[in-house]
Structure formats: structure tokens, C-alpha cells
Number of protein chains: 2
Amino acid sequence: MTETTTPKYKVKKAPRFSDHPEPGYALRGRIWLEKDGELYVGWGRVMLLERIDQLGSISRAARSMGLGYRNAWLWVEAMNRLAPAPLVEKSSGGAGGGHARLTLAGHEVIAEYKALRARFQEFLKQSA
Amino acid sequence: MTETTTPKYKVKKAPRFSDHPEPGYALRGRIWLEKDGELYVGWGRVMLLERIDQLGSISRAARSMGLGYRNAWLWVEAMNRLAPAPLVEKSSGGAGGGHARLTLAGHEVIAEYKALRARFQEFLKQSA
DNA sequence: GAGCGTTATATCGGTCGTAATATAACCAGT
DNA sequence: ACTGGTTATATTACGACCGATATAACGCTC
């Protein structure tokens, strides 16, 4: 008999951002900010904010990072709702169809999170 | 008209372990160990190892922490496979139906991860 | 060898998040 | 007015993970 090597169980997954599946053992981790237990800012959202800042629109930012527009829009919506002041200023219609720009608060959040993340990466490296 | 307040979108989630949904802003995070990009040890798995050590069986450990036996078994299987040496020693049949015990390596992994986690908690507190 | 509780394994169904798709609203330019 | 690309929103479909369930294998005890 051909004994089709029983496929066992599959365990893999495909995380969304910044995965460097190195060989051997590795210490990995994630950090994020919550507001009242709800996700406020994480790495993906910060990347989105940066792209919006660079490209001027949610849809372009989403496309550029392989993210669906729907999700991108939901994320922006959530961040604006959870932040003390909106991070992204949106407008539909008009020249070019519309646009989205970062507010000062948006830029600040990017800077804060990236600084935090840098310290965290350092922590992971130290602890490895 | 009664205008049934459009339910909008839902965003909530229900993480598995150690969640303390505090009000206001909070820095949260998770760390885990991977082997070749696959999850090796995380908080849930360490909890499982501890329960196995205390209760002497996978099924009792699983029940005690509201985890399905299937998952508990899969986790143990994965950990044993990914570890340099098995963390859990299993045997079926016999007195009591069978049992599972931690190896020395199992105890070491628990200690290592918990120490790491403690440092991480400290990091989160400092960075908040 | 019958019983028992555990390990071991397969299968089905629900749930949840995301992808894909579709469509409307918007509005400065022309 | 019409155009064009974006924001805004709903709907559907799909795939992964988990819970529940079922059943076999195991081996000590009686």
C-alpha cells in the first residue's frame, strides 16, 4: 500500500506584520496601546498612519501595504474614536476624489509608538 | 420612526489568558518563544505545564483551566516536538488510566519563561 | 478479563476575522 | 452637468481556529 503519509495536524499561521521567521529559537513579542481594553495603537496601525502621511489617502496607504481598504478605514475610525483628539483628518470628494492627512496628534502618536517599540526591540534583544 | 440605532460595527475580542481590561489608556504586550517561526512557549502553555505538574494529567490540567483536551494535547505535542528534549512525559493506560509528568526540562522552561515574563511586566510598567 | 480514566486521534460545526465585492455619497475641477 | 478617485458603508464568502463530540488504544488493578 502507498501509505499516504498521514497529514497529522497543521499548526502554522500567517501573522500580519513584521515577521522574521528566523531559524532556531527566538524570543518574540508584541506591544500595543489600549483604551478601555480596546486596541488603540499597534505596529500595523502605526504603519498605516505613516503611509497615510506619505501618500495622502487611506486607500493608497492601504493598497501600498497590502491591506484591504475596509480594514484600513476601520482602523482609522477606531483610532480617531479612541484618541483624545483625531489622528487622521479625512475628507471625501473634491480634487482627486478626497484625501486623508495626519493631524499633529497623529504625528505624535507615531513618534511615541516608534520610540516605545525601539525600547521594546532592545528589551527583546537583551533578553534573548 | 423608531430609528433602531444602527448597530455600527463591532470591534471587541476576548483574549485567552491574563487580561486585565483596565479603564483608560494602557500599554499591553505579549512575549513568547518560537522555534523556526513556530510558537514554542507562551503564557498559556506555561500555565498548562504548571497545571500538569500539579495535577499529574493533561486532561485534568486542561479542565482546570477551561481548556479543551484536544488543544492541551496539541500544545504538549508541539512543545515536546520543538524542545531540545521533551518537557512532558506521558503514559496512557495503567493505574488511574494514565498520567503526564514534567521532565526536568519542563520545570526549567517554566522557570525561564516566568523570569522572562516578570522582566517584561516590569518593562511594561516602566514604559507606561 | 472487565473496568476505569487517561492518552491518542478524527470529524463536524460554530464563530470570528478578513478578503472580496458592490454601491452610494462626496465635491473640486473641467 | 459630468468626471474621477476617494471616503463611507453594507453584504457576502471564505478560511482558520476552537469547542464539542466520538471512539479507539492503553495498561494497571481488581
Side-chain angles (χ1 to χ4, degrees), chain A residues 4-17 19 32 38-39 42 44-45 48-49 51-81 86-102, chain B residues 4-17 38-39 42 44-45 48-49 51-81 86-102:
Chain A
T4 61
T5 56
T6 49
K8 298 274 183 176
Y9 288 97
K10 55 183 156 34
V11 194
K12 272 311 179 61
K13 213 178 46 161
R16 187 177 301 279
F17 300 111
D19 246 46
W32 64 89
E38 184 176 350
L39 174 60
R45 294 189 176 192
L48 177 62
L49 289 180
R51 302 292 181 112
I52 289 174
D53 186 42
Q54 293 162 8
L55 302 174
S57 90
I58 295 177
S59 67
R60 283 228 279 272
R63 275 199 300 273
S64 82
M65 59 192 282
L67 179 65
Y69 172 79
R70 174 197 143 91
N71 266 330
W73 181 83
L74 282 173
W75 290 4
V76 168
E77 206 67 6
M79 285 188 279
N80 274 349
R81 175 169 48 84
L87 309 185
V88 178
E89 195 180 54
K90 298 166 292 178
S91 95
S92 67
H99 59 84
R101 297 191 213 289
L102 286 198
Chain B
T4 59
T5 56
T6 50
K8 298 276 184 178
Y9 287 96
K10 55 182 160 30
V11 194
K12 273 311 181 57
K13 213 179 48 163
R16 187 178 298 278
F17 298 110
E38 185 176 351
L39 174 61
R45 293 189 177 190
L48 177 63
L49 289 180
R51 302 291 181 109
I52 289 174
D53 186 44
Q54 294 161 6
L55 302 173
S57 91
I58 295 177
S59 65
R60 283 229 279 273
R63 275 198 300 275
S64 81
M65 59 192 283
L67 180 65
Y69 173 78
R70 173 197 141 91
N71 268 327
W73 181 84
L74 282 174
W75 291 3
V76 169
E77 207 66 8
M79 284 187 281
N80 276 349
R81 176 170 49 84
L87 308 185
V88 178
E89 195 179 53
K90 299 167 292 180
S91 94
S92 67
H99 64 262
R101 297 192 215 289
L102 287 198

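Here is the naming used below: chain letters follow the sequence lines, and residue numbers restart at 1 for every chain. The structure displayed is predicted, hence computed values, not measured ones.
Comparing D/dC18, C/dT7, D/dT9 against the side chain of B/W73 picks out C/dT7 as the nearest. The listed nucleotides are D/dC18, C/dT6, D/dT6; the one nearest the side chain of B/N71 is D/dC18.
Spacing between atom NZ of A/K90 and atom P of C/dC27 amounts to 14 Å, rounded to whole angstrom units. If you measure from atom OH of A/Y69 to atom P of D/dA10, you get 13 Å, rounded to the nearest angstrom. Between A/I58 atom CD1 and D/dG5 atom P there is a gap of 18 Å when expressed in whole angstrom units. Between the C1' atom of C/dT18 and the CZ atom of A/R45 lies a distance of 14 Å, rounded to the nearest Å. Taking atom CZ of B/R63 as the reference point, atom C1' of D/dA20 lies 15 Å away to the nearest angstrom. Between the C1' atom of C/dT18 and the CG atom of A/L67 lies a distance of 10 Å, rounded to the nearest Å. As rounded to whole Å, 16 Å separates atom P of C/dG5 from atom CG of B/L55. Between the C1' atom of C/dA19 and the CG atom of A/L74 lies a distance of 13 Å, rounded to the nearest Å.
Looking only at distances, a side-chain donor or acceptor of B/N80 sits under 3.5 Å from a matching main-chain atom of B/V88. Under the 3.5 Å distance criterion, the side-chain polar atoms of B/R101 are left unmatched by any main-chain donor or acceptor of B/S57. Formation of a donor-acceptor pair under 3.5 Å by the B/R51 side chain with backbone atoms of B/S64 is found in this model.
Taken to the nearest 0.5 Å, the CD atom of A/E89 stands 7.0 Å off from the NE2 atom of A/H99. Distance CZ/B/R81 to CD/B/E38: 4.5 Å, rounded to 0.5 Å. For the atom pair A/W75 CH2 and A/I52 CD1, the distance stands at 10.5 Å (nearest 0.5 Å). Atom-to-atom distance recorded for A/L55:CG and A/M65:CE is 11.0 Å, nearest 0.5 angstrom.
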(request) Summarise how protein sits on nucleotides 23-30 of chain D as a single string, 5' to 3': B when a protein heavy atom is under 4.0 Å from the base, S for sugar-phosphate-only contact, - for no contact. (result) ---BBSS-

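Side-chain N/O atoms of A/S59 include one lying less than 4.0 angstrom from OP1 or OP2 on D/dT7.
Side-chain atoms of B/R70 and base atoms of C/dT11 include a donor and an acceptor less than 3.5 Å apart.
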